[in-house]
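Just below is one structure, and these are the notes that go with it.
Hydrogens, waters and symmetry mates play no part in the numbers below; they use all other heavy atoms, side chains included. Sequence lines set the chain letters: A, B, ... in the order given, protein chains first and strands last, and positions in each chain run from 1.
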Amino acid sequence: MFKALENKKTLRVARDLIGKILVRKIGKKIIRERITETEAYIGPHDLACHSSRGKTKRNEVMYCVAGTIYVYFTYGMHWMLNIVTEEEGFPAAVLIRGTENFKGPARLTKALQIDKSLNGKKLGKKAGLWIENDLKIKNFPPAGLGRAGKLKISRLPRVGIPYAGDIWKNKLYRFVLKEK
DNA sequence: GCAGTGATCATA
DNA sequence: ATGATCACTGCC
């Protein structure tokens with residue numbers, strides 16, 4: 001089912017993840033990072049999405065239930081962190097591109113020690129990776145970032161997909177928390 | 001601007 | 001089996 005409504009779900013998730021807290025537990029250490037940048041990759045006809053050429057060993061996790069962690073390796077050295085979205089069987093995910101302290105998807109995964117061992121697991125305490133709401137954080141959002149619960153978010157084209165064709169490379173599927 | 005770096009995928 | 005590619009980063 002490739003309905004526009006379903007596409008909206010991934011876009012909604014990508015947008016809603018902005019400002020949320022990505023939590024990583026490594027042993028006894030817990031790292032909390034506010035998500036500042038995401039991108040949506042939606043379905044079999046999105047030419048920028050790994051699923052645009054069908055299911056493969058690498059992208060099979062994208063077809064899992066929403067909340068599954070999709071981590072893949074690229075450029076011989078970098079891990080990319082994604083959260084699977086949509087109904088089971090529909091390949092889509094949100095790439096976490098950056099947080100307040102770690103800008104760039106590969107820097108983020110390096111800092112949080114995210115690699116293939118998380119691929120296919122579900123977000124949660126058990127995986128050592130989960131999302132928390134910002135509500136428990138005081139003084140948020142900071143001055144200039146909008147009212148509580150209403151962040152200023154930019155929508156931009158996605159990064160690093162020149163091969164995706166005019167239609168898909170220009171989609172505003174990238175969400176960035178506006179800085180003051 | 002472009003080199004590094006190696007798994008993955010398409011082609012055969 | 002082989003070659004091109006790659007949702008990037010860091011250094012020139």
Side-chain angles (χ1 to χ4, degrees), chain A residues 2 6-20 22 24 31 33-87 89-123 127 129-131 153-179:
Chain A
F2 310 148
E6 292 179 315
N7 288 1
K8 276 189 183 171
K9 279 173 29 183
T10 296
L11 293 173
R12 177 71 184 269
V13 171
R15 188 203 171 284
D16 286 352
L17 280 173
I18 299 295
K20 295 279 192 300
L22 180 66
R24 174 69 168 135
I31 303 171
E33 279 287 322
R34 188 185 321 287
I35 296 168
T36 55
E37 186 173 352
T38 62
E39 282 176 359
Y41 289 85
I42 310 172
H45 41 269
D46 176 356
L47 294 180
C49 185
H50 289 167
S51 60
S52 65
R53 281 173 300 192
K55 189 187 276 192
T56 67
K57 181 123 189 189
R58 176 177 69 166
N59 70 20
E60 63 184 358
V61 166
M62 293 188 92
Y63 296 74
C64 294
V65 293
T68 304
I69 301 164
Y70 172 39
V71 179
Y72 70 91
F73 188 67
T74 192
Y75 291 106
M77 57 187 101
H78 301 308
W79 297 100
M80 299 286 118
L81 170 65
N82 301 257
I83 311 298
V84 174
T85 55
E86 309 284 345
E87 293 183 346
F90 184 93
V94 173
L95 171 68
I96 311 297
R97 283 195 62 85
T99 62
E100 271 180 335
N101 293 307
F102 306 120
K103 324 234 183 269
R107 290 192 199 133
L108 173 66
T109 55
K110 186 181 177 189
L112 300 191
Q113 296 177 42
I114 288 163
D115 61 21
K116 190 153 195 70
S117 65
L118 286 168
N119 189 45
K121 296 188 176 174
K122 292 185 75 174
L123 283 172
L129 185 71
W130 66 94
I131 306 289
I153 297 171
S154 305
R155 281 194 66 167
L156 303 163
R158 294 170 292 184
V159 173
I161 51 159
Y163 53 84
D166 289 340
I167 304 266
W168 293 97
K169 81 181 178 198
N170 293 323
K171 293 273 190 193
L172 302 179
Y173 282 5
R174 178 179 172 215
F175 297 82
V176 182
L177 180 62
K178 279 190 186 170
E179 298 188 16

In the strands shown, is dT2(C) matched to any nucleotide by a Watson-Crick or G-U wobble pair with both distances under 3.5 Å, and which? dA10(B)
Counterpart base for dA7(C), defined by Watson-Crick or G-U wobble contacts under 3.5 Å: none
How far does the P atom of dA3(B) sit from the matching atom of dA4(C), given to the nearest Å? 16 Å
Side-chain N or O of [X] closer than 4.0 Å to phosphate OP1/OP2 of [N]:
| X | N | value |
| --- | --- | --- |
| Arg97(A) | dC8(C) | yes |
| Arg107(A) | dG10(C) | yes |
| Tyr72(A) | dC6(C) | no |
| His78(A) | dT5(B) | no |
| Thr56(A) | dC9(B) | yes |

Can you figure out which of [options] approaches the side chain of [X] most closely?
| X | options | answer |
| --- | --- | --- |
| Pro105(A) | dC9(B), dC6(C), dC8(C) | dC8(C) |
| Ala106(A) | dT9(C), dC9(B), dG4(B) | dT9(C) |
| Met77(A) | dC9(B), dT5(B), dC8(C) | dT5(B) |
| Phe73(A) | dT8(B), dG6(B), dG4(B) | dG6(B) |
| Met80(A) | dA7(C), dC9(B), dA10(B) | dA7(C) |

Using a 6.0 Å distance limit plus a 45 degree cone around the ring axis, check whether Arg158(A) lies over the aromatic ring of Tyr173(A). no
Rounded to whole angstrom units, what separation is found between the [atom1] atom of [X] and the [atom2] atom of [N]?
| X | N | atom1 | atom2 | result |
| --- | --- | --- | --- | --- |
| Leu17(A) | dA7(C) | CG | P | 20 Å |
| Trp79(A) | dT8(B) | CH2 | C1' | 12 Å |
| Lys57(A) | dC9(B) | NZ | P | 9 Å |
| Lys103(A) | dA7(C) | NZ | P | 23 Å |
| Glu60(A) | dA7(B) | CD | C1' | 15 Å |
| Asp115(A) | dA7(B) | CG | P | 14 Å |
| Leu47(A) | dT5(C) | CG | P | 16 Å |
| Lys116(A) | dA7(B) | NZ | P | 11 Å |

Base, sugar-phosphate, or nothing: which does Ile161(A) touch, judged by heavy atoms less than 4.0 Å apart? sugar-phosphate
What's Arg158(A) touching, base or sugar-phosphate or nothing? Going by heavy atoms closer than 4.0 Å. nothing
Enter the distance from Leu118(A):CG to Thr68(A):OG1 here, rounded to the nearest 0.5 Å. 12.0 Å
Does atom [atom1] of [X] have more than 12 heavy-atom neighbours, drawn from other residues, nucleotides or ligands, at distances under 6.0 Å?
| X | atom1 | value |
| --- | --- | --- |
| Ile167(A) | CD1 | no |
| Arg53(A) | CZ | no |
| Lys110(A) | NZ | no |

Planes under 30° and centres closer than 5.5 Å, is that true for Tyr75(A) with the base of dG4(B)? no
Side-chain touch Arg155(A)/Leu11(A), heavy atoms, less than 4.5 angstrom: yes
